[in-house]
Amino acid sequence: MAVRALPAGSGIWGSAAGLILAAGLVLVLAAASIFIGVADMSVGALMEGGENGRALQLLFVSRIPRTLAIVLSGMSMGVAAIIMQMLFRNRFVEPTTTGTVEAASLGLLATALLAPALPIFSKMLVAALFALAATFLFLRFVAKIPSSASLIVPLLGLMFGGVINAVTTFLAYRYDLLQSLAAWTNGDFSSVLRGRYELLWIAGLLAALSYLAADRFTVAGLGEAFTRNLGLNYGRILAFGLCIVSLVAAAAVVTAGAVPFFGLIVANVVRMMVGDNLRRALPWVALSGAAFLLACDIAGRTLRFPYEIPVGTVVGVLGSAIFLYLLLRRRARFG
Amino acid sequence: MIEIAGVSKTYEDETVLDDVSLVLPESGITAIVGPNGAGKSTLLSIIARLITPSAGAVRVDGLDVQKTKSDVLAKRLAILRQVNHVGMRLTVEELVTFGRFPHCGSRPTAEDERHVREAIAYLGLEALSGRFLDELSGGQRQRAFVAMVLAQDTNYVLLDEPLNSLDMKHAAAMMKLLRRAADTFGKSIVVVVHDINFASIYADRIVAMRDGRVVLEGTSDTFMREAVLRDIYDTHIDVREVDGHRLGLHYL
């Protein structure tokens, strides 16, 4: 595995064959994800039907929704992270290191307290608005600090998220909603059922839609002056990107929950491998996000079978190991 | 023709540009020189609509840069600012292709690809075209960015200290190349340079600035004089003539 990428556009990273291979891997993992679980899901059990047709029901009500939720979350969280990294011009940001997810949780809590009767879609929109406001505020703030040293930004972001989270926790504590709060920010797919994950399709769709603006996001990553020199409207690119990021974060929070640091890991690994041209990197981020989250979820479900390890924990352990390995390897190469 | 009419820029109580009026021609090299803080970069950014002036207006071929659509201007005028230590992992070819964005958007045609190839060849970067920017030396990266603005194929090219991070060999090569680009393609190139000797040798016109004002417009002959340089830089610089070029010995 060559980390120092081959000349771009050549080799496996630039080829359609590589993407097809990756898509194949996602399908294999998705199939494995569907057939792992406590209940018997063998072909025989599925074919029984009739009185014993519980397996088929389980498949459609629980297993397939769960797998779809993972695929959609993995794709959209990876895409949201890499877009954010372009807009912030910093490779350590993602929705959980900038207060975006925390703000979405606060928004969701606000709807739970003030307008509990709202349909879930409207709740998501409110959460997205909170996320958008917080991310925009943070972006303005980052632009003001004199030292834009790359590690300062995520550190400030984590603090910012911590402040928002303190407010949210206080309110949740007062109104006895602490348990829901934990579920929003710690991704867990074990409770995904048909009818309770569908908003993730919106996140998946937005991730796909972002491909249309791939070149614009790359240009924005080169800076505001660079963007305006090319006659592009920087503010519009920023607004579009932040809307996608906020809606993805909100969709994650109202369904299965966001997985901390997940997008950060996926986006960085892909950027090291294929480079920062989003037109080439976005499909890789989407596919490897799906594959990585599926793999982590499968690992979490099989390691202590029949119990489950939360997917966030697996992502944390596996992801940081992979990330460290790549960082050290890269450093060694550049000496 | 770029017409700068009464342009000022103030930040709170600090005046960076003070009523600058200037006309830059349609072709040739114009060097903007002056001590640190003279407002050179600010002026360049205002011409390129990156900064809004506090007063006055800039017209490029008759188009007011503040009122004209940005994508229209992007086909007439390109700017390269000095902050390009970006950590973006793009290949040289990808970067230069972005220079074609004003012409083709995200869909480069054969014509656009030809421009990209020519710009890369012009800067002698053929062997590096598939390399990532973060794998290049500072000088190579600088040349890649210059290739990008040349690929943008605009009549006016504004370069803010393009010699930064170039060694002696590459700095001279860059100025020769800009000279050639101005002569063969009839472009108007405006460069901010610190080394007065590069301005003296390669520029057709020199604009000297100090404290936010234009204090001199002229040629090497009018600028490279000891009395003039002392007024602008507050220091004595011996001027000698070498092979027909007036050189300032500012090392002494």
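In what follows, chains are A, B, ... by sequence order, proteins preceding strands, each numbered from 1.
- With respect to Asp64(B) and Arg49(B), no salt bridge is recorded, no charged nitrogen being found less than 4.0 Å from a carboxylate O.
- The backbone N or O of Phe92(A) sits less than 3.5 Å from a side-chain atom of Thr97(A), completing a donor-acceptor pair.
- Using bins of under 30°, 30° to 60° and over 60° for the plane-to-plane angle, the ring pair Phe185(B)/Tyr122(B) lands in the tilted bin.
- Of the atoms belonging to Leu73(B), not a single heavy atom falls under 4.5 Å from chain A.
- The environment of Arg236(A) atom CZ is sparse: at most 12 non-hydrogen atoms of other residues, nucleotides or ligands sit within 6.0 angstrom.
- Residue contact with chain A, scored on non-hydrogen atoms closer than 4.5 Å, involves the backbone of Leu77(B) exclusively.
- With a 4.5 Å cut-off on non-hydrogen atoms, Ala48(B) does not touch chain A at all.
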